[in-house]
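Below you'll find the structure, written out as C-alpha cells, and then a few comments.
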Amino acid sequence: MGLAVSSAQAPMTAYTTGSLSSQELINIYRLMYLSRRIDDREIFLKKQQKTFFQISAAGHEALQVGAALALRPGYDWFFPYYRDRALCLALGVTPTDMFLQAVGAGTDPASGGRQMPTHWSSRALNIVSTSSSTATQFLHAVGCAEAGRYFTRHPEAADKVDGDYRAYRDVTFHGDEVVLACIGEGSTSQGEFWEALNTASNRKLPVIFMIEDNGYAISVPVEVNTPGGNISRLVANFPNFHFEEMDGTDPEASLRAFQRAAEYCRAGNGPAFVHGHCIRVYSHSQSDDDKLYRSAAEREADAMRDPIAKLQMRLLREGILTAEQINALEKEAEHEAAEAAERALEAPLPEIASIPLHVYSEDLDPIRAPFTTEKAQEAGSNPGKSAGSKGSGAKTMADLINACLSDEMRRDPRIIVYGEDVADASREDALSEVKGKGGVFKLTSGLQKEFGSERVFNSPLAEANIVGRAVGYAVRGMKPIVEIQFFDYIWPAVHQIHNELALMRWRSNGAWAAPVVLRVPIGGYLTGGAIYHSQSGESIFTHIPGLRVVFPSNALDANGLLRTAIRCDDPVLFLEHKRLYRESYGRAPYPGPDFAIPFGKAKVVRPGKHMTLVTYGALVPRALQAAQIASREKGIDVEVIDLRTLSPYDWDAIAASVRKTSRVIVAHEDMLSWGYGAEIAARIADEMFDDLDAPVKRIGAMDTFVAYQPVLEDAILPQPDKVLKAIRELYAY
Ligand SMILES: Cc1ncc(C[n+]2csc(CCOP(=O)(O)OP(=O)(O)O)c2C)c(N)n1
Ligand SMILES: [Mg+2]
C-alpha cells in the first residue's frame, strides 16, 4: 500500500513537534502492530515448544514507540529492559533478529543463543546488552552518560592506541547525546534505581528515566511496591530533573513527552523522568497466569485501554486510513512476522564448541599480553611527581600501588579513579591548603591534585553505584579504576559484579565488555579489625566466570600486577591486603613506569624439596616464617609458592612442585570450609593422585567471622604456628 515504513529501517527522520502527520501516525501504528504480531507469533511458537521463553510488550507499544521516535539510534544510547520489543523494533532491531533470539540461534546477534529472547543488544544501534536483573541497567546508563560527557570534554582520550585494551575498544560520542534507561514500575523499588537517580541528579547527566507503569510486577500491584501508588510523586523533589507523566497508551502523548525530555537533556540541563501509565494486555510472561490474582473487572477495564485498538480507532475516525487499508497494513505486518519467524527457525543452532568463547577477551590475554614483562626497570628511574612515592629506596606496597596508578593515569587519559573518600578533597577550594585525604588507606593520595577532579572524585556512599557506573563507563571504552573501601562492604555491589560486570562480554557474545579494575582492601591480622574490617572471601569471586582475581603479597608484585590489570581488557578484582600495605616484608624499589607482571604466573618464593606449600596474600610471610623454623628445627625443606593471581592460577607451577615434593599444603587466611584451597586441593587429589605420598593438607581460618578481641582474632586466623604444625604433621605422615 506504500504508506508503511519498514520496521527494519531506523527512523532517522525526526518527528515534527507540531501535530502528527497522517504518514507519521501510520508509521507509528505499523510499528505498534508489528510488535504485537511478533509477540503473538512468539507465543504460538512457545506453545509449539519451538521457543523456550516469552515475555511481551503488549500494552506498552505506544509508550515505547513514542520513546524510540524521539531519540536517535546509533547516536543516543539505550539501556532497555526485557519488555521493550516495540522500542527496539522502532530503533531498528529487525523482526528476524527478534526471532533468532527466541529460538536461541547461533546467529542471534544479541547473544548467540545465550540469553532469553528480548534481552537486547546491538552495537550498531547503541543498545547495550540487557540482563534479566531488574534495575541494574540504570547505573550503567549513568556511567554511560558520564563517559559521553568525559569524551566530549577530552576528545583526545578517544584515540585508538595500540598496546593495551584501547586497541580493542572503539569509542564514539556526541556532545548532545542522551541515554535512555527503561524500567517497570515494580522495579523502581530496587536500590540501584535510587542510586542512579542520586548520581544523575547530582551530576546533571543527560539520562532519561523511562518508567513503564503497567500497575503490576508479576502479581504484585503498584501500591505494594510504591508508597502512595505513584512513583512520580516520590521522586518529584530530586533536583535538576525534568518531569513528565502521561497516558502511556497514547503514542502522541508519549512522543511529545520524550521529545521535551530529550531536548532538556541535550541542552545539558540535567536528567529527565518520563512516567507512562500503560497496561499489561497479557500475563507477566508465558509462565504466569494473571487470572490467579487479578479480578475479571480489572482485566476488562485494562483491555478497554489497549493502545493498538485505540490508535486504530483514531486512524479510522480521523479518516487517515480506511478499514480496508488498515486490513492491508495488518496483513503485511502479519506476513512480515511470519516470514521472519520461518527464517529464524531455519537458522543454525549455536556450536557447542563456542561455549567458552568470550568469557574473557579473545584478543588480549593478560597471561601472554605484550605489555607483560617482569624485568624490573632500573630502580628509581623516571621518578614522577605524585605522592612522593617514587625514587630509589625500598617502597611499601601502598607506595607502589599509588605509583602505578599515577604512572598509568599519565599515559592513559581514559583512566578515571573514584570511590568513597578516594579524592584528596571534594571541595576544590580546600585543595590548595590541605594535604588531602586520598583514600582511607591513602592509596590514591595526590591523584586528584595531579589529574584533576574530573578524573579523580568521590562517589556517593553506595557500592552498587560505584560498580554499576563503572560498567557504563567501560562499555563506552573508558577504564574506571574504582575502589571499594573495605572488602567487608563489597556485598552491596556483588549483584553488579556477578550479574553485570563479569557477564557483559559472554552474554553479549563478545559485542560488549566491561574491563573495569576494582581495587579492594581485604583481610585481617589488624588487631581490632573485628567482623567488619577483617573479612576475606576471595573464593566467592574466583567462582565467577569472566572476572580475573589478583591477590599480591608484596610491593613489587602489587605494582606489576596492577599495571597488567589496568592495561588488559578484562574486568579485574584487585585484592590488596591491608596488613601488607605498609609491612616491612616485601618492600621494593620503584620498578619504573612499564613494569608489568603477567597474570597466572606463580612465584616460588622459597625453593624446597620435602613438601610444597601453596599460598598467597598475608599467608605468604607467615608461611615463610613457618618454613624457616621447620628448616632450622627439623631440617624440613618446604617449597613455598605464592600464587599471586587466583583466577587464572598457575596450575603448571603447582603441578611441577608437587611432582618434585609429593607432599602439599594449601594455606590461606579465609575460612577453611568452601575456601579457595578446597578447589586446589581437589584438583591435586584428582589429577596427581599417583604423585602424592600423603593426603593434601589445607590450612585456613576457623569457620567463623573474625572477632574484635585480639585473643580471639589470633585464634581465629591462621598463624605461623598453625602452618608449622601442619608442616610437621605432613612430614611425619
Ligand atoms: C533483581 C531481580 N529480582 C527479581 C526478578 C524476577 N522478576 C522478573 S520481572 C519481575 C517483575 C517486574 O515488574 P515491573 O518492574 O513492574 O516490570 P513489568 O514486568 O511489569 O513490565 C520480577 C520480580 C528479576 N528479574 N530481577
Ligand atoms: Mg509493571
Side-chain angles (χ1 to χ4, degrees), residues 35-36 39 43 53-65 67 79-88 115-120 129-141 180-197 209-227 229-232 234-235 245 247-249 254 273-290 292-294 298-299 302 305-307 464-465 467-468 471 491-501 503 507:
S35 173
R36 183 74 62 91
D39 271 325
I43 291 168
F53 180 77
Q54 211 285 331
I55 193 159
S56 86
H60 292 228
E61 294 97 341
L63 181 58
Q64 294 179 8
V65 170
F79 292 82
Y81 84 128
Y82 50 78
R83 214 178 275 295
D84 285 337
R85 182 188 305 290
L87 176 95
C88 291
Q115 290 233 69
M116 287 172 154
T118 61
H119 287 53
W120 313 102
S129 169
T130 316
S131 79
S132 298
S133 305
T134 58
T136 53
Q137 72 275 19
F138 273 73
L139 289 167
H140 309 167
L180 178 74
C182 315
I183 196 169
E185 87 298 332
S187 303
T188 62
S189 290
Q190 294 281 1
E192 284 150 310
F193 169 76
W194 294 91
E195 291 183 18
L197 284 170
F209 289 64
M210 169 174 175
I211 315 302
E212 304 186 35
D213 188 346
N214 59 17
Y216 274 91
I218 310 185
S219 68
V220 182
V222 59
E223 67 276 12
V224 176
N225 266 301
T226 307
N230 185 314
I231 187 68
S232 283
L234 298 190
V235 302
E245 184 178 3
D247 176 1
T249 64
S254 170
F273 192 92
V274 183
H275 179 188
H277 294 272
C278 54
I279 56 165
R280 205 178 72 191
V281 176
Y282 302 146
S283 297
H284 172 75
S285 72
Q286 281 297 293
S287 318
D288 174 46
D289 177 4
D290 66 355
L292 295 175
Y293 51 84
R294 294 185 80 181
E298 188 183 291
R299 284 185 288 112
D302 253 17
R305 293 179 61 222
D306 188 324
N465 176 296
V467 178
V471 172
W491 310 113
V494 170
H495 191 194
Q496 285 287 347
I497 295 170
H498 186 279
N499 278 353
E500 305 294 339
L501 178 79
L503 247 171
R507 79 174 187 222

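Whatever order the structure lists them in is the order used to number ligands and atoms, beginning at 1.
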(request) Any chance you could measure S129, atom OG, to H140, atom NE2, to the nearest 0.5 Å? (result) 9.5 Å
Where's the contact between [X] and ligand 1, heavy-atom distance under 4.0 Å: side chain, backbone, both or neither?
{"X": "Y216", "result": "backbone"}
{"X": "T134", "result": "both"}
{"X": "H284", "result": "side chain"}
{"X": "E185", "result": "both"}
{"X": "E212", "result": "neither"}

(request) Decide, yes or no, whether a salt bridge links E500 with R507 under the criterion of side-chain N to carboxylate O below 4.0 Å. (result)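 Judged by the 4.0 Å cut-off on N to carboxylate O distance, E500 and R507 do form a salt bridge.
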(request) Flag D213 as yes if one of its N/O/S atoms falls below 2.8 Å of the Mg ion (ligand 2), otherwise no. (result)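 Under 2.8 Å: D213 has no N, O or S contact with the Mg ion (ligand 2).
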(message) At a threshold of 2.8 Å, where the distance has to be below it, does the Mg ion (ligand 2) have an N, O or S atom of S187 nearby?
(response) no
(message) Looking at atom 4 (C) of ligand 1, tell me if a protein heavy atom falls under 4.0 Å from it.
(response)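 Flag for atom 4 (C) of ligand 1 set to false, no protein heavy atom closer than 4.0 Å.
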(message) Consider side-chain contact (heavy atoms from CB on, under 4.5 Å). Of I55, D289, D290, which one does H284 pass it with?
(response) I55
(message) Among S187, S132, S189, which one puts a heavy atom closest to atom 24 (C) of ligand 1?
(response)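 The nearest heavy atom belongs to S132.
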